[in-house]
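All values below come from the heavy atoms of this structure, side chains included, with hydrogens, waters and symmetry mates left out.
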Protein chains: 2
Amino acid sequence: MKFENRLADRGRWRADRCSIASVLEALGTRTTFLVVRECFYGTTRFDDFVDRTGVSAPAVSRAMRMLESAGVVVRVPYQDEGSRVRDGYQLTSAGEDLLPVLLAMIQWGDTYLQEATPPLVFVERNSGRPVKVRVSADGLDDLGPADIEVRRPVPRDLGQQTTRS
Amino acid sequence: MKFENRLADRGRWRADRCSIASVLEALGTRTTFLVVRECFYGTTRFDDFVDRTGVSAPAVSRAMRMLESAGVVVRVPYQDEGSRVRDGYQLTSAGEDLLPVLLAMIQWGDTYLQEATPPLVFVERNSGRPVKVRVSADGLDDLGPADIEVRRPVPRDLGQQTTRS
DNA sequence: CCGTATCCTGATAGATACTG
DNA sequence: CAGTATCTATCAGGATACGG
């Protein structure tokens, strides 16, 4: 039902050593997530982000700067007929790797939060089969918390934590 | 490279219909995520949450109430020798289903944010094989954004959105 | 030890207004 | 249309203090 942990039982476990904290830090806040989501939906233009996220323009502007400096989004100039060059926004490959995060959130939200029909469906392009986020190890898939163990990555001497700050 | 979307191209896409927004709303904030993470690590007692997340007690308290009302965490009374009954905190099954979300975040953070060695390793208990979060459809695995299509789940009349709010 | 109420500060979002 | 600066309101988070 929970991770077998050598972890929770041993001393302090500081948030600053955890990726979750860093991710939340880097991606910042709710609006950043919404913006990234929109990127996945194919949105590239500033005002579209504003419209489709329902977030104010200044907030989008700020989010973009955060995402840019986090290496999640890049500005890609584009040019419409008779307009001057503008910036479009696109996910970097790092940004695209956020797909599991977003999808996992959507999946969870659709399951536990939405009352009515799920607002969107994600399917594999060719087969049309529903896409799912899975936790797996190599061949084995659909692991739950009970199947998973958390380890420290072989600290030099595991005995009494001498080298650890 | 991005979702084929009928979506981004069509009218307004409001944040309030999206699960991401709801999830962010329900789970609230950075500390809630850290608390949930700790739950996965097996932490159950209030002060342990405080210590191991590095978050202040009031913030943990608030987070717990949010998580409780979101159905992610339940209080489970426990009793130590010579102490009175206290509340422990445990993930519900809904809470446990957040595993992919957390793991995906950790994975991304370890890849793109952490400078040194990844702080923690997740392995399958028996085989010791590293656990990964994957996006897949049935047999097909490791899909990327390019393989995925977003659809509306057959709204009654797709033409002009009459029945929609 | 466990947990919450209160108060205060800093971050974040919206409204408005302004530039190209 | 595409952004950003400013200003203000709101909210999350820490310190402190207090009750079980």
Side-chain angles (χ1 to χ4, degrees), chain A residues 12 14-16 18 20-22 24-39 43-70 73-90, chain B residues 8 12 14-16 20-21 23-39 43-70 73-90:
Chain A
R12 303 265 136 147
R14 302 315 319 284
D16 47 285
C18 173
I20 304 265
S22 321
L24 264 8
E25 198 69 26
L27 261 49
T29 167
R30 266 180 43 264
T31 50
T32 4
F33 276 90
L34 296 179
V35 167
V36 171
R37 177 206 65 182
E38 271 311 313
C39 288
T43 301
T44 58
R45 293 148 103 104
F46 189 86
D47 275 18
D48 288 338
F49 281 102
V50 173
D51 288 346
R52 296 183 190 141
T53 58
V55 168
S56 70
V60 170
S61 182
R62 283 187 292 257
M64 283 305 182
R65 254 174 300 175
M66 299 186 61
L67 290 171
E68 227 189 331
S69 71
V73 157
V74 281
R75 289 166 199 258
V76 178
Y78 70 91
Q79 168 110 256
D80 282 345
E81 332 284 311
S83 287
R84 66 170 225 289
V85 180
R86 306 206 168 277
D87 282 342
Y89 303 88
Q90 250 174 240
Chain B
R12 302 264 137 148
R14 301 315 318 284
D16 47 285
I20 304 268
V23 171
L24 263 9
E25 198 69 25
L27 262 49
T29 168
R30 266 180 41 263
T31 49
T32 6
F33 277 90
L34 295 180
V35 167
V36 172
R37 177 206 65 181
E38 271 311 313
C39 288
T43 302
T44 57
R45 292 148 104 105
F46 189 87
D47 275 18
D48 288 337
F49 282 102
V50 173
D51 288 344
R52 307 211 259 245
T53 58
V55 168
S56 70
V60 170
S61 182
R62 283 187 293 257
M64 284 305 182
R65 254 173 300 173
M66 300 187 61
L67 291 170
E68 227 190 331
S69 71
V73 157
V74 279
R75 289 167 199 257
V76 179
Y78 70 92
Q79 168 110 256
D80 283 345
E81 332 284 310
S83 287
R84 67 171 225 290
V85 180
R86 305 207 168 278
D87 282 342
Y89 302 89
Q90 250 174 239

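- For the OP1/OP2 pair of C/dC2 and a distance below 4.0 Å, the side-chain nitrogens and oxygens of B/Arg45 include at least one atom meeting the criterion.
- In the set D/dA2, D/dT4, D/dG20, the nucleotide with an atom closest to the side chain of A/Pro58 is D/dT4.
- Rounded to an integer number of Å, the gap from CE of A/Met66 to P of D/dT4 is 15 Å.
- Under 4.0 angstrom from either OP1 or OP2 of C/dC2 there lies at least one side-chain N or O belonging to B/Tyr78.
- Of all nucleotides listed (C/dA13, D/dA2, D/dG20), C/dA13 comes nearest to the side chain of A/Thr31.
- Across all strands, B/Thr29 comes closer than 4.0 Å only to sugar-phosphate atoms, never to a base (heavy-atom distances).
- As a whole-Å value, the separation of A/Arg62 CZ from D/dA2 P is 19 Å.
- Between the CG atom of B/Asp47 and the P atom of C/dT4 there is a distance of 12 Å, rounded to whole Å.
- The residues A/Arg86 and A/Asp47 are annotated as not salt-bridged, no charged nitrogen and carboxylate oxygen being separated by less than 4.0 angstrom.
- Within the 4.0 angstrom heavy-atom criterion, only backbone atoms of the sugar-phosphate kind lie near B/Tyr89; the bases stay farther away.
- In this structure, CE of B/Met64 is placed 16 Å from C1' of D/dG13, rounded to the nearest angstrom.
- Atom CG in B/Leu67 sits 10.5 Å away from atom CZ in B/Arg75 (nearest 0.5 Å).
- Rounding to whole angstrom units, CZ of residue B/Phe46 and P of C/dT4 are separated by 6 Å.
- Scanning all heavy atoms of the two residues, the minimum distance from A/Cys18 to B/Arg37 falls at CB-NH1, 2.9 Å.
- Here D/dA12 presents its P atom at 15 Å from CG of B/Leu34, a figure rounded to the nearest Å.
- When every heavy atom of A/Pro77 is checked against every heavy atom of A/Val85, the shortest pair comes out as CB-CG1, 3.7 Å.
- Backbone-only engagement by B/Asp87 is indicated by non-hydrogen atom pairs under 4.0 Å involving sugar-phosphate atoms exclusively.
- Heavy atoms of B/Arg30 sit under 4.0 angstrom from primed sugar atoms or phosphate atoms, though from no base atom.
- Close to C/dA5, at under 4.0 Å from its OP1 or OP2, lies a side-chain N or O of B/Arg65.
- Rounded to whole angstrom, the span from the CD atom of A/Glu25 across to the P atom of D/dA12 amounts to 16 Å.
- Protein atom CZ of A/Arg75 is 10 Å distant from nucleotide atom C1' of D/dT4, rounded to whole Å.
- The phosphate of C/dA13 has neither OP1 nor OP2 within less than 4.0 Å of any side-chain N or O from A/Ser56.
- The aromatic rings of B/Phe46 and B/Tyr89 are tilted relative to each other, their planes meeting at an angle between 30° and 60°.
- Backbone-only engagement by B/Ala59 is indicated by non-hydrogen atom pairs under 4.0 Å involving sugar-phosphate atoms exclusively.
- Between B/Ser61 and the phosphate of C/dG3, there is no side-chain N or O to OP1/OP2 separation shorter than 4.0 Å.
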